[in-house]
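Following: one structure in structure tokens, then a few remarks.
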Amino acid sequence: MEKPSIPKGTRDFGPEKMARRNFIFDTIKETFQKYGFMPLETPAMENLSVLTGKYGNEGDQLLFKVLNSGDFLAKSTEENRKDYKSLLPDISEKGLRYDLTVPFARFVVMNRNDLVFPFKRYQIQPVWRADRPQKGRYREFYQCDADVVGTDSLLCEAENIFMICDVFKKLGIKKFSIRLNHRKILSGISEVADAPGKENALCIAIDKLDKIGEEKVYEELAVSGFSDKSIEKLRPLFQVQGNNDEKLSQISEFLGSSQQGKKGVDELKTILSLASVRPEAMKHIDIDLTLARGLGYYTGAIFEVKALEGSISSSISGGGRYDNLTGVFGLDGVSGVGFSFGVDRIYDVMEDLGIFPESALEGPKAMIAYFEDSFTDAFALLHDLRHAGISTEMYPEAAKMKKQLSYADKKQIPFVIMAGPGEFAQNVFGLKNMRAGSQDNLNKEELINRLKMQ
RNA sequence: GUGAUUGUAGCUCAGUAGGUUAGAGCGCCAGAUUGUGGCUCUGGAGGCCGCCGGUUCGAGUCCGGUCUUUCACCCCA
């Protein structure tokens, strides 16, 4: 006998975990819908032509490829078999989706004539990456994306911030910070540092600030080819402090005449002023010039969310604006803004804080415990209870009372209805509250009404 | 992709210097209690010691490989 196993970096989710995960998913879904987003699902597999080249060289390596069916090897040429890169197109033309954004862009392009723009969609599906697993990093994980495409309005950014606040409030995560920055400010910074073309290297280095410290960032910049002079010009950047308005005026000064930078600052000011209609949301927003976010396609405001309580410090949500999402698929000029919740990490944060509500358990409300002689009567009562909308089950066989109650206990079913022949004859049932250990005698109607109210 | 690390019962983990029959706690099953779960007591089941190969009279223990786990880097949610 071979011991069963699951692939590296994948997980099973048992009933308790699913109850908790569904609580998170449902909360996010409700919020997305409340803000007018419509659901979308795309296939697990995409054609490799859709996926490759969208995530950089690193990304292509992390794509799971799907082998063609049939005798694919026969179709390959001797020449191509020499190394795997040239062989690949012969043996694989499909891959598992790597994120939800690229399939979404593909969908928008394919359906551009039928969609109502601005188009708002949300999408909650698993994605796959052939990465090496680590703490909080899996080869299969869920993304919860919401994007709106076809408008430049900064209202969207403000709404994203509100959605984040709504979701975390509902989940019970009270202390979190939404770090906000702007890609054009970062461009402006690289202009000021006389290194206009090196924006990416600048972002990668700056993004590591809280992880490796200021001096190491300078070292990294030097390695990436920044001159000492450039680095020296960057120093004031790390001295920026104060509240959000103060930070923005300092960075405005730092950026001087940079047109790019000025536009970024102006946009952030607008977003802040829009967000100010909800003062409690403003408390979470934190302008942070060192926030870079890796994804290459962002061009406008970017933001990232971290929990400030508990021991999980990685980001639990994030997003930003992109000017040309669909350009690679031949549709230019579609601007959009989107963000995503990291469900796995939100789960970890909530577990760490012990804030999952008990109602997240998705078991039945009641169980009927009965005896051999009352099997048929119990089965009929079961139907009546379900018909009244009460989630109920009965133990499938007339086992010993101890066994039936123990089953209810383990499944954390809150109520057990004691229903033997005597009970049915007199229409008086024992309703046992498993939590309290107490028991009341009720007739069928009272029983149903009582359980409905619970 | 680079460098480490882990693997013993369903779970968490002991296992002395290589030496008969591999242990504990929790969980599971049964009974004490024939119509009442949790608590207690008694008993029981359950292990190719990750897998393959090597060293040895003898390997859970030492060596090599492989898979897996965890961690750092790269990158990322």
Side-chain angles (χ1 to χ4, degrees), chain A residues 1-11 14 55-63 84 97-101 124-145 200 203-205 207-208 211-212 216 220 223 292-296 304-307 312-320 338-349 367-374 378 395 398-424 429-441:
Chain A
M1 268 282 282
E2 197 181 315
K3 277 189 187 172
S5 62
I6 55 174
K8 185 197 283 204
T10 64
R11 296 156 296 165
Y55 310 105
N57 290 338
E58 296 271 350
D60 284 355
Q61 283 195 320
L62 297 179
L63 286 174
Y84 87 94
R97 79 167 94 77
Y98 179 89
D99 70 1
L100 300 179
T101 308
I124 300 178
Q125 288 189 277
V127 302
W128 294 268
R129 294 183 189 179
D131 206 351
R132 193 181 286 209
Q134 244 181 76
K135 177 104 183 162
R137 290 172 72 168
Y138 306 96
R139 290 182 142 180
E140 178 186 63
F141 62 96
Y142 274 77
Q143 288 191 334
C144 304
D145 281 22
N200 274 342
C203 289
I204 289 171
D207 197 36
K208 292 181 186 167
K211 209 170 173 182
I212 63 177
K216 293 263 182 194
E220 188 134 333
V223 171
R293 273 190 83 77
L295 290 167
E304 193 164 279
V305 185
K306 278 184 180 176
I312 284 94
S313 61
S314 44
S315 105
I316 50 178
S317 176
F339 78 111
S340 175
F341 286 105
V343 175
D344 294 291
R345 286 176 182 176
I346 291 173
Y347 184 101
D348 290 343
V349 168
M367 188 194 84
I368 301 171
Y370 63 102
F371 301 100
E372 191 73 57
D373 294 343
S374 47
Y395 201 78
K400 282 192 211 171
M401 201 44 52
K402 184 185 170 80
K403 186 148 193 165
Q404 297 191 46
L405 280 164
S406 164
Y407 171 82
D409 184 41
K410 281 174 193 157
K411 242 179 122 168
Q412 298 188 55
I413 299 172
F415 294 98
V416 170
I417 297 148
M418 310 302 296
E423 279 83 350
F424 283 106
F429 302 90
L431 179 66
K432 185 176 172 95
N433 181 326
M434 295 294 281
R435 248 292 165 67
S438 59
Q439 193 165 323
D440 293 325
N441 289 323

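Proteins get letters first, then strands, A, B, ... in listed order; numbering begins at 1 in each. The structure presented is a predicted model; accordingly, all values stated were derived computationally and were not measured.
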Check: Are OP1 or OP2 of G37(B) and a side-chain N or O of Q404(A) less than 4.0 angstrom apart?
Finding: no
Next item on the list: Specify the separation, in whole Å, of atom CG of D131(A) and atom P of A72(B).
Entry: 13 Å
Next item on the list: Look at the side chain of K400(A) and decide which nucleotide, out of G35(B), G31(B), G37(B), has an atom nearest to it.
Entry: G31(B)
Margin query: Within the 4.0 Å heavy-atom criterion, would you say Y142(A) contacts the bases, only the backbone, or no part of the nucleic acid?
Written below: nothing
Item checked: Options G38(B), G35(B), A77(B), nucleotide nearest the side-chain atoms of M418(A) -> G35(B)
Notebook entry, point to check: Hey, is the main chain of M401(A) close enough, under 3.5 Å, to the side chain of Q404(A) for a donor-acceptor pair?
Noted result: no
Next item on the list: Please check the phosphate of U68(B) (OP1 and OP2 only) for any side-chain N or O of K8(A) closer than 4.0 Å.
Entry: yes
Note to self: Suppose we define a pair by two distances each less than 3.5 Å, Watson-Crick or G-U wobble; what does C29(B) pair with here?
What the structure shows: G43(B)
Check: Are the side chain of R139(A) and the backbone N or O of W128(A) linked by a donor-acceptor pair below 3.5 Å?
Finding: no
Margin query: From NZ of K402(A) over to C1' of G31(B), roughly how many Å is that when rounded to an integer?
Written below: 9 Å
Next item on the list: Output the single nucleotide from A72(B), C74(B), G37(B) whose closest atom is nearest the side chain of R132(A).
Entry: A72(B)
Item checked: Y98(A) and Y55(A) aromatic ring geometry - parallel, tilted or perpendicular at 30°/60° bounds -> tilted
Note to self: As a test of reading the structure: which of U36(B), G35(B), C74(B) is closest to the side chain of K432(A), going by heavy atoms?
What the structure shows: U36(B)
Notebook entry, point to check: Under the criteria of a ring-centre distance below 5.5 Å and an interplanar angle below 30°, is Y407(A) stacked with the base of G37(B)?
Noted result: no
Note to self: Once you apply a heavy-atom cut-off of 4.0 Å, does R435(A) come out as touching a base, just sugar-phosphate, or nothing?
What the structure shows: base
Margin query: Please classify the nucleic acid contact of E140(A) as base, sugar-phosphate, or nothing, using heavy-atom distances under 4.0 Å.
Written below: nothing
Next item on the list: Under a 3.5 Å limit for both distances, which nucleotide forms a Watson-Crick or G-U wobble pair with C62(B), could you say?
Entry: G54(B)
Notebook entry, point to check: Quick one: is K403(A) getting a side-chain N or O under 4.0 Å of the U33(B) phosphate, OP1 or OP2?
Noted result: no
Next item on the list: Output the single nucleotide from G37(B), C74(B), G35(B) whose closest atom is nearest the side chain of R137(A).
Entry: C74(B)
Margin query: Can you tell me whether the side chain of Q439(A) and the base of U36(B) have a donor-acceptor pair closer than 3.5 Å?
Written below: yes
Next item on the list: Please confirm whether the backbone N or O of G318(A) pairs with a side-chain atom of S340(A), one donor and one acceptor, at under 3.5 Å?
Entry: no
Notebook entry, point to check: Hey, is the side chain of K410(A) poking within less than 4.0 Å of OP1 or OP2 on C28(B), counting only N and O atoms?
Noted result: yes
